[in-house]
Amino acid sequence: MNLAVKQPTMTTGMTTGRSLAGKVSLVTGSTSGIGLGIARALAAAGSDIVLNGFGKPAEVESLQAEMAAQFNVDISFSPADMSKPEAIRHMIEQVHADLGRLDILVNNAGIQHVAPLQDFPVEKWDAILAINLSSAFHTTRLALPAMLKNKWGRIVNIASAHGLVGSPFKSAYVAAKHGIVGLTKVTALETAEQGITANASCPGYVYTPLVQAPIEGQAKAHGIPREQVIRDVLLQQQPNKRFATVEELGHLTVFLASDAANSITGVALPVDGGWVAH
């Protein structure tokens, strides 16, 4: 009896530098920071990109032109407000109408607020849950029908180390990121036989312009050097004592979208320098 199991074949595109050529990727919250780093990495791999986020029209147009010229792919933009389900629906419909497909969905949009539970503003809680969690539900439910029809799709949810562990004063953010991890698992289970994968990356602190101001503020408040703030305050929980980079998260996302990750689904992958290993 021949017990050999036929292995799935990899597409030839996987061996090239543009393994995602012909694909369309939507990255929410991608006009700056982590989202932009991910969008650039996907574009470098050959995927057409739909950017989303806030920004002055002239700056967004300049970014589109620069990326299109650098990566030789189509770069479009949606200003959809991720806190509004109707705006999200219109965005997904527009992507399909304009580009004919949506293969890779990266749910990255997020906001933060820090306060004790008893003082946490209700409006901030509602906004964080809407943008950090509910938006991913809406994009996923609207993107899945076409992915299911095509028997191929990649969903990458940008969670956080706070999707795996808690921290004081971040109740809404921690709750939302734990929710994202749960949503990722359910999505993976429901689509496991359909050529679709769903995974979450869980970064610790990532060096973006948004962390620069807190570093300077903490240094001034505590009267300690900037380097000490980074090591002993911000990166206290990260054993490797360094920020992750947007480029690292971009490369990880490209990997999760590639054929090499066909059997990786439902995973919440820490990118945190060992934070959750404690």
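Start at 1 with the first residue, then count along the sequence.
The CG atom of Leu105 sits 9.0 Å away from the OG atom of Ser25 when rounded to the nearest 0.5 Å. Between Met82 atom CE and Asn52 atom CG the span is 4.0 Å, to the nearest 0.5 Å. Atoms CZ and CZ, from Arg231 and Arg242 in turn, are 13.5 Å apart once rounded to the nearest 0.5 Å. Here the straight-line distance linking atom CH2 of Trp275 with atom SG of Cys202 works out to 11.0 Å at 0.5 Å rounding. In this structure, CH2 in Trp152 is found 8.5 Å from CZ in Arg101, a value given to the nearest 0.5 Å. The line from CD1 of Ile104 to OG of Ser47 is 4.5 Å long, rounded to the nearest 0.5 Å.
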Exercise for the section: Let me see the working for Val50 and Leu102 under side-chain contact (heavy atoms from CB on, under 4.5 Å), right down to the final yes or no. Expected result: CA-CA 9 Å; Val50 182; Leu102 175 55; 6.0 Å; no

Practice task
Starting from the C-alpha separation in whole Å, work towards a yes-or-no answer on side-chain contact (heavy atoms from CB on, under 4.5 Å) for Phe243 and Ile230.
Solution key: CA-CA 9 Å; Phe243 290 102; Ile230 292 172; 3.5 Å; yes

Exercise for the section: Check the pair Leu51 / Met67 against side-chain contact (heavy atoms from CB on, under 4.5 Å), numbers first and verdict last. Expected result: CA-CA 11 Å; Leu51 299 170; Met67 288 181 64; 4.2 Å; yes

Exercise for the section: Quick one: do Phe255 and Ile264 satisfy side-chain contact (heavy atoms from CB on, under 4.5 Å)? Show the steps, please. Expected result: CA-CA 10 Å; Phe255 167 71; Ile264 300 175; 3.7 Å; yes

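Judged by distance alone, the side chain of His278 and the main-chain N or O of Gln237 form a donor-acceptor pair under 3.5 Å. Counting only distance, with no hydrogens or angles, the side chain of Lys23 and the backbone of Ile49 share no donor-acceptor pair below 3.5 Å. In this structure, Asp48 contributes its side chain and Val73 its backbone to no donor-acceptor pair below 3.5 Å. Looking at Thr28, its side chain does come within 3.5 Å of a backbone N or O of Asn108 through a donor-acceptor pair. Between the side chain of Asp272 and the backbone N or O of Pro203 there is no donor-acceptor pair closer than 3.5 Å. With hydrogens and angles disregarded, a donor-acceptor distance shorter than 3.5 Å links the side chain of Thr184 to the backbone of Ile180. Judged purely by atom type and a 3.5 angstrom limit, Thr139 uses its side chain to pair as donor or acceptor with the backbone of Ala136. One N or O on the side chain of Thr245 and one on the backbone of Glu248 form a donor-acceptor pair closer than 3.5 Å. Proximity of a side-chain donor or acceptor of Asn199 to a complementary backbone N or O of Val267 within less than 3.5 Å is detected.
Between Ser201 and Val271, the shortest heavy-atom contact is CB-CG2, 4.5 Å. The heavy-atom pair separating Leu20 from Ala257 by the smallest distance is CD2-O, 3.7 Å. Looking at every heavy atom in both residues, Leu256 comes nearest to Thr197 through O-OG1, 4.1 Å. Here the closest heavy-atom approach between residue Tyr207 and residue Ile215 is recorded as CE1-CD1, 4.4 Å. The two atoms that bring Gly273 and Pro239 nearest to each other are O-CD, 3.1 Å, heavy atoms only. The minimum heavy-atom distance linking Ala268 with Leu164 is given by the pair CB-CD2, 4.1 Å.
Applying the salt bridge (Lys or Arg N to Asp or Glu O under 4.0 Å) test to every pair with at least one member in residues 117-140, sequence neighbours left out, gives no pairs at all. Pairs of residues two or more places apart, or lying in two chains, never qualify as salt bridge (Lys or Arg N to Asp or Glu O under 4.0 Å) while including a residue from residues 152-177.
The hydrophobic clustering, which links ILVMFWY residues whose side-chain heavy atoms are closer than 4.5 Å, places Leu26 and Leu42 apart. Under the 4.5 Å side-chain heavy-atom criterion for ILVMFWY residues, no single connected hydrophobic cluster contains both Val181 and Leu133. Residues Leu269 and Val27 fall within the same hydrophobic cluster, defined by Ile, Leu, Val, Met, Phe, Trp and Tyr side chains chained together at heavy-atom separations under 4.5 Å. Under the 4.5 Å side-chain contact rule for hydrophobic residues, Leu99 and Leu148 share a cluster.
Side chains of Arg40 and Gln70 form a contact here, defined as non-hydrogen atoms less than 4.5 Å apart. Contact annotation: the side chain of His178 approaches that of Val174 to within less than 4.5 Å [non-hydrogen atoms, C-beta and beyond].
Under a cut-off of 6.0 angstrom, the local environment of NE2 in His251 is sparse, with at most 12 non-hydrogen atoms contributed by other residues, nucleotides or ligands. In the displayed structure, Asn72 atom CG is contacted under 6.0 Å by at most 12 heavy atoms of other residues, nucleotides or ligands. Within 6.0 Å of NZ on Lys149 lie no more than 12 heavy atoms contributed by other residues, nucleotides or ligands.
With Ile155 as the fixed residue, the side chain to side chain contact (heavy atoms under 4.5 Å, CB included) test singles out one of Thr187, Val106, Thr265: Thr187. If you run side chain to side chain contact (heavy atoms under 4.5 Å, CB included) between Ile88 and each of Ser78, Ser135, Ser83, Ser134, only Ser135 comes through.
Ring orientation note: the planes of Trp125 and Phe120 are nearly perpendicular, at an angle over 60° on the 30°/60° scale.
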